[in-house]
Amino acid sequence: MPKVKVIHGPNLNMLGKREVSIYGPGTLDQINGAMKGLAGRLGIEISVIQTNSESEIIDEIQRDDYDLLIINPAAYTHTSIAIRDAISAVNKPAIEVHLSNIHGREEFRRRSYIAEVALGQISGFGPGSYMLALRAAAKILLEEPPHKLDA
Ligand code: DQA
C-alpha cells in the first residue's frame, strides 16, 4: 500500500482553541481521525506528525519512509527556505495544505517558499483542505498519469 506522510507544522496542535474565527472549531485530533478514515477507504496508508520545530520537520521530510508528503508548514510556509530545500532534496511528490486561504489574508502570508517545490497547493477549505489533498494523493499514487482529478 502506498504511504503518505502528513506533517502539521507549528501551532496546529492548538486548533480548536486558536483563532477559531479563522481556523474553525475542529481539533487536530478530529482532522487526523477524519484523514485516517478517508485514507483507509482510499487504500493508502498514512502516518501523521505534528511538531512546532523546523528541524524536526526537516528530519521527517528526509526520512525515507513514505511515497508522498502532505504538509501544512503553517508559519514556516512564509519563512523557511530550509523546509523548501528539504522537499526539493528528497525528490518526492509533496502537496502543500492550508486551512485558511493564505491568499486572502495579510500580505506576508501570500508568499509561500513551499509552493514552488510542491506539486500544488490546497488552501482555504478548512479541514476539507486535508481531505482534498488526500484524494489528490490517492489519484497520484494509485492511478496512471496525467492524474486528472475528475470525480
Ligand atoms: C496556516 C496559514 C499560515 O499562514 C499560518 O501561519 C498557520 C496556519 C493555515 O493552515 O491556514 O499557522 O498554514
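Whatever order the structure lists them in is the order used to number ligands and atoms, beginning at 1.
Cation-pi geometry between R110 and F108 is not met: the NZ or CZ atom fails to fall both under 6.0 Å from the ring centre and inside 45° of the normal.
Counting non-hydrogen atoms of neighbouring residues, nucleotides and ligands closer than 6.0 angstrom, the NZ atom of K3 reaches no more than 12 such neighbours.
The shortest contact between atom 7 (C) of ligand 1 and any protein heavy atom is with Y23 OH, 3.5 Å. Scanning the protein heavy atoms around atom 1 (C) of ligand 1, the nearest turns out to be H98 ND1, 3.7 Å. Annotation: atom 5 (C) of ligand 1 to nearest protein heavy atom, R109 NH1, 3.3 Å. Taking atom 9 (C) of ligand 1 as the reference point, the nearest protein heavy-atom neighbour is L99 N, 3.4 Å.
Ligand 1 has a nitrogen or oxygen under 3.5 angstrom from a nitrogen or oxygen of A75. Close N/O approach between R105 and ligand 1 is not found [any backbone or side-chain N/O within under 3.5 Å]. Between S100 and ligand 1, at least one N/O pair is under 3.5 Å apart. Ligand 1 has no nitrogen or oxygen under 3.5 angstrom from a nitrogen or oxygen of I102.
For H8 and Y130, the ring centers sit closer than 6.0 Å to each other.
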Decide side-chain hydrogen bond (donor to acceptor under 3.5 Å, both in side chains) for H78 and E106; before the verdict, give the C-alpha distance in whole Å, the side-chain angles of both, and the deciding distance to 0.1 Å.
CA-CA 11 Å; H78 320 296; E106 302 95 324; over 6 Å; no
For the pair R105 and I22, evaluate side chain to side chain contact (heavy atoms under 4.5 Å, CB included) and give the outcome as yes or no after the intermediate values.
CA-CA 10 Å; R105 298 182 62 194; I22 297 172; 3.5 Å; yes
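Residue contacts with ligand 1 include N72, since one or more of its heavy atoms lies under 4.0 Å from the ligand.
Below 4.0 Å from some heavy atom of R18 lie the following atoms of ligand 1, by number and element: 7 (C), 12 (O). Residue contact check: H78 has heavy atoms under 4.0 Å from atoms 3 (C), 4 (O) of ligand 1.
A pairwise comparison of heavy atoms in P73 and P10 identifies O-CD, 3.6 Å as the closest pair.
The pair D64-K92 counts as a salt bridge, with a side-chain nitrogen and a carboxylate oxygen less than 4.0 angstrom apart. Looking at E116 and R111, a side-chain N of the basic residue comes within less than 4.0 Å of a carboxylate O on the acidic one, giving a salt bridge.
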